[in-house]
Structures are given as structure tokens and as C-alpha cells.
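Below: one structure, written as C-alpha cells.
One-based numbering, in listed order, for ligands and for the atoms of each.
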Amino acid sequence: MGLWFTEKQTENFGITAKVNRTHHTEQTDFQKLDMVETAEWGNMLLLDDMVMTTEKDEFVYHEMVAHVPLFTHPNPKKVLVVGGGDGGVIREILKHPSVEKAVLVDIDGKVMEYSKKYLPTIAGKLSDPRVEVRVADGFVHIAKSKKAYDVIMVDSTEPVGPAVNLFTKGFYAGIANALKDDGLFVAQTDNPWFKSDLIRQVFQDVAEIFPVTRLYTANIPTYPSGLWTFTLGSKIHDPLKVKEERFFDIETKYYTKDLHFASFVLPKFVKDLTDK
Ligand code: SAM
């Protein structure tokens, strides 16, 4: 029989994975943290019984959160990740030579600690000299930051528990203040099959704050429905108008220059979520 982990994505639907062993399990000050070895996806980080990242498909999410906004900005130097304690987005950010400083603000130090131990291919760059890791509430860090960042990425858990505030209009307004005059941000905004209301509300809120607001998608097999969305808000730079010469060769397994543009071509039922 063996051990199987099941994530209920809705009341009536979920995914299940065969578990070889449990490396670590604990209730932290903020959430339930499990690190397991699965037969299909390698080591897997779970928070509050939801898949956060797996060794086999993590590259999709981390490349799309990092490279779409970083290639959209003409010269990103100072970058912030809110959440992202597994270190995957940081790894991708450091592939951009223009980046001088990457700050990661995650509320739960245990995520970084156990990701370094059991997800070294994902968390291995957290100790890079260009990286500053802070254990703090991202909502508070953003509220205290003024014109500090070129690009901000919100790699948070879903809008439950410690991350509820990270999906509010007040937070997005705070992000606008924390960005420099030509700054931009991206946030993971869940899936269109089970969370269409969230996507519609976030897109509307961001569009009321940022002149350029766009939605893009990626296929992430271990995430609810497998189709994930990202909402991008920008003060000036448009991801659909990135010049040819801005792109340079970068080591990736999902992101490409063509996909950068194609990821904004949305199926009708998803595009409809962006209509006023
Ligand atoms: N890629 C995953 C996803 O899309 O579901 C998220 C991965 S990352 C591990 C999520 C991180 O957000 C967790 O480490 C969690 O501690 C952090 N987080 C949740 N609420 C936060 C907050 N208010 N401030 C900073 N980090 C927060």
C-alpha cells in the first residue's frame, strides 16, 4: 500500500502522490511544514498540506516568476522577493548580471532552514553574497519601503493564514510606493479553474494602481488545476514591448524569449477575467 499524500484542491477534487519517506514535519509559528520524498516528483515542500514546490517541476514556476519581470525592466539592480523561502526565485534572479542586490523577506525562517537541507538544488543560492535574507512579514516590509526596488516578486502561499494580506489592494498600493519610478512587480495569482474570483479581483485592483497591468500563465503539474497565473503591474515598462536586444542567453528549462510573449496569450475564459 505505502504512504500517499493527497492535496484537496477543492472540496471535491485533489491530487495524490506516493510518498517514500517523510524527512521532516512540524507546526511552525505560522504554518504546518512537511518535507517529504515522493516517488514521482522528488523531494516536495508542503505548507498547510498544500504543495509549495517539488524538485522535478519547480523550474517552471521559478523561471516564470523571475525572468518575465526581469527582462521587462531595462536594467534591474535592486530586487525584492516577498515569500519565496524555498530559494527558487532567488536562484533565477542571480542569473541576471545587472542585479546587484536581491532581498528575500519570508515570514517563516523554518522554510529557508529545511529548504537548504532537503532542497539544495532550489535553495542553494540563498547564501550568495548578493542575497540578503530577512525573516519578517512582507506586508510590513513593503509598508516601510519607499522607492527602494526596481522589481518586486510576490512568491507567497495562497491567500490563507500569514499570506491573506498579500492579496489586498492596500498591499499592491504599498508595492507601488516601494518601487522606483520605473519599477514593476509580479505576484502569483493562483489558478483560473478554482480561483477565478481571486484573479478577477486582484487584476482589477492592480489595474487601478498600475498603468500597465497584464496576466500570464504557465503549466505547473503539481499545482491546483496545473494551469497557474501571474499578475504583473508596471509603472512604465510593458512586458509585451521588450526590445529584441534586451534578451540575452540564459540557462533555463521552461522560459524562452518566445514564451515570454506567448505566455500572455490567454485562453478566452482566462482573458475574460481581465475584462473590466
Ligand atoms: N510557489 C509557492 C506557491 O505558489 O504556492 C510558494 C512558495 S514559497 C515557499 C511561499 C512562502 O510565502 C512561504 O515560505 C511562507 O512562509 C511565505 N509567506 C506567507 N505569508 C507571508 C508574509 N506575510 N510575509 C512573508 N512571507 C510570507
On the 0 to 90° scale, with breaks at 30° and 60°, tag the Y114-Y118 ring pair as parallel, tilted or perpendicular. parallel
With only distance considered, is I107 within less than 3.5 Å of ligand 1 through an N or O on each side? yes
Would you please classify the geometry between the H141 ring and the Y149 ring as parallel, tilted or perpendicular, with 30° and 60° separating the classes? tilted
Donor-acceptor pair between T231 and T189 side chains, under 3.5 angstrom: yes
for atom 1 (N) of ligand 1, nearest protein heavy atom and its distance come out as Y223 OH, 2.8 Å
Examine the proximity of ligand 1 to Q188 and report which part, side chain or backbone, both or neither, has a heavy atom under 4.0 Å away. side chain
Is there a side chain to side chain contact (heavy atoms under 4.5 Å, CB included) between F261 and V242? Walk through the geometry before answering. CA-CA 9 Å; F261 297 106; V242 179; 4.3 Å; yes
Tell me the protein heavy atom at minimum distance from atom 10 (C) of ligand 1, and give that distance in Å. D155 O, 3.3 Å
Under 3.5 Å, N or O to N or O, is G138 touching ligand 1 that way? yes
To the nearest 0.5 Å, how far apart are OG1 in T274 and CD in Q204? 11.5 Å
If you scan protein heavy atoms around atom 14 (O) of ligand 1, the nearest is D106 OD2, 2.6 Å
Distance from atom 9 (C) of ligand 1 to nearest protein heavy atom, with residue and atom: D86 OD2, 3.4 Å
Checking contacts here: is it the side chain or the backbone of Y61 that comes within 4.0 Å of ligand 1, counting heavy atoms only? Could be both or neither. side chain
Using 30° and 60° as the class boundaries, would you call the ring planes of H260 and Y255 parallel, tilted or perpendicular? perpendicular
Short N or O distance, W228 and ligand 1, threshold 3.5 Å exclusive: no
Distance to 0.1 Å, residue and atom name: give those for the protein heavy atom nearest to atom 19 (C) of ligand 1. T157 OG1, 3.3 Å
Classify the ring geometry between F171 and F139 as parallel (under 30°), tilted (30 to 60°) or perpendicular (over 60°). parallel
